[in-house]
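Only one structure is covered here, and it is reproduced in the block below.
In this text the structure is predicted, and so the values were computed from the model without any measurement. Numbered from 1 within each chain, the chains take letters A, B, ... in sequence-line order.
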Amino acid sequence: MPVDDVVLATQGDTAAFERVYRAHMPRIFNLARRMAGPDAAEELTQDVFVRAWQKLALFRGESSFATWLHRLAVNVIIERFRTLGTQRERFLADSEAVLDVAPAVRTKHMDLSMDLQAAIEQLPPGARQVFVLHDVEGYKHEEIGDMLGVSPGTSKSQLHRARQTLRALLTQKVES
Amino acid sequence: MSEQRRFGESDYEPLKQDDVLKQAVSEWRDEMPSRDLWSGIQSRMGSTQSPASQTPTTSLTTSRRVSFTLPQLAMAASLLTAVASGATWMIAHPPAAESNEPVIQAYGNPEDETEGKIVQANFADAQFNAAVDDLETILREERDRLDPRTVLIIERNLKAIDDAINEARMALDNDPANPYLNSHLADARRRKLDLLRHATTLASAGGD
């Protein structure tokens, strides 16, 4: 996307901001869908772009705009969980939901995309967020710890549990 | 339970290529919203301030924020305090002859046609206050990411600048048209914004 649109949007040009939105919406929508689920994704995407509009003056071009927007989106999504009061409690309670099995083996044809979507919705919010941020979005445990307000060790533990649960669910689907 | 799957071994590192989860993630398709979200965003934008109205004009292409190291910030705060004292002294000891130096606008667009006119500082300036509020909120939220010694230095410097601003305001109560004080107040405000921006940048970068 032309950087000029970001500059124009920073100066209050709503048409330029719409172009910014069109260029970045797919990535932000799918981030929200993966972190928070399809039901909340549309509203969260709107929240992210409204927040971006409000905060554009603080974007100083020290990172790429896509990176800045992505980080802002992660913060907005995490805030939603905090607002709902689920984050810390679910982090502490996550272990009960873990299924303890060996890694799944892809033994027959299956639609992994569909299966992963269904499986991830069964994860507790904490494990789900860590899995998406680490294994899908590529953040490091230290960064995830900063974003979620937990230690890197907790992030590692959550990732381990999320992976075990997802492997178990995917294996069950294959076997059934 | 397989030894390989026990936490603490390697299951928090990047997924291996032959892992079924790696394959699942790579095949996880993107989707699009079921409706156009822009109209909802646009209607909410209308009820919020545009970015341009929130902070003094900045341009990604024509200007860059000035960054300071912490020792430079400490020195700047000391200098500011000295300037504040000087300004106060000048109020008490006005020059015998009227100065011919141009009057400096306290706050606003430097391209405004105010040449030769004294523009009083607006102490309730919404733009300045909104920008400071925004930056202070960010700093509060992210201060835990900074080294406590860095936080201490930033807070000391902010206090020094706030003291300078308050001094200038009190002096301007008695002499609202004083060009030195107006200039000084504008400078102090600019320094406060610069310091807050620098501090939030440091915090966002994790204190690096």
Where on Phe131(A) is there a heavy atom nearer than 4.5 Å to chain B: the side chain, the backbone, both, or neither?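 When you check distances to chain B, only side chain atoms of Phe131(A) fall under 4.5 Å.
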So what's closer than 4.5 Å to chain B heavy atoms on Asp13(A): side chain, backbone, both or neither?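 Neither the backbone nor the side chain of Asp13(A) comes within 4.5 Å of chain B.
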Listed by chain and number, what are the side chain to side chain donor-acceptor pair (under 3.5 Å) partners of Glu42(A), not counting sequence neighbours?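 Once residues adjacent in sequence are excluded, the partners of Glu42(A) under the side chain to side chain donor-acceptor pair (under 3.5 Å) criterion are Ser34(B), Arg35(B).
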Shorter than 4.5 Å, heavy atoms on both sides: which option in [options] has the most such pairs with chain B?
{"options": "Thr45(A), Asp47(A), Thr14(A)", "value": "Asp47(A)"}
{"options": "Arg27(A), Lys140(A), Met25(A), Arg34(A)", "value": "Arg34(A)"}
{"options": "Glu142(A), Glu43(A), Arg22(A)", "value": "Arg22(A)"}

Arg161(A) and Thr165(A): side chain donor to acceptor below 3.5 Å: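 There is no such pair between these side chains.
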How long is the gap from CZ on Arg71(A) to CG on Asp146(A), to the nearest 0.5 Å?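 Going from the CZ atom of Arg71(A) to the CG atom of Asp146(A) covers 6.5 Å.
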Going from OG on Ser63(A) to NE2 on His70(A), what distance comes out if it is rounded to the nearest 0.5 angstrom?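 Ser63(A) atom OG to His70(A) atom NE2 measures 12.5 Å (nearest 0.5 Å).
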Select, from Thr200(B), Val25(B), Asp30(B), the one with the greatest count of heavy-atom pairs under 4.5 Å involving chain A.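 Highest number of pairs under 4.5 Å: Asp30(B).
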Sequence neighbours left out, what passes ring pair (Phe, Tyr, Trp, His ring centres under 6.0 Å) with Phe29(A)? Give chain and number order.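 Per chain and number, Phe29(A) pairs via ring pair (Phe, Tyr, Trp, His ring centres under 6.0 Å) with no residue.
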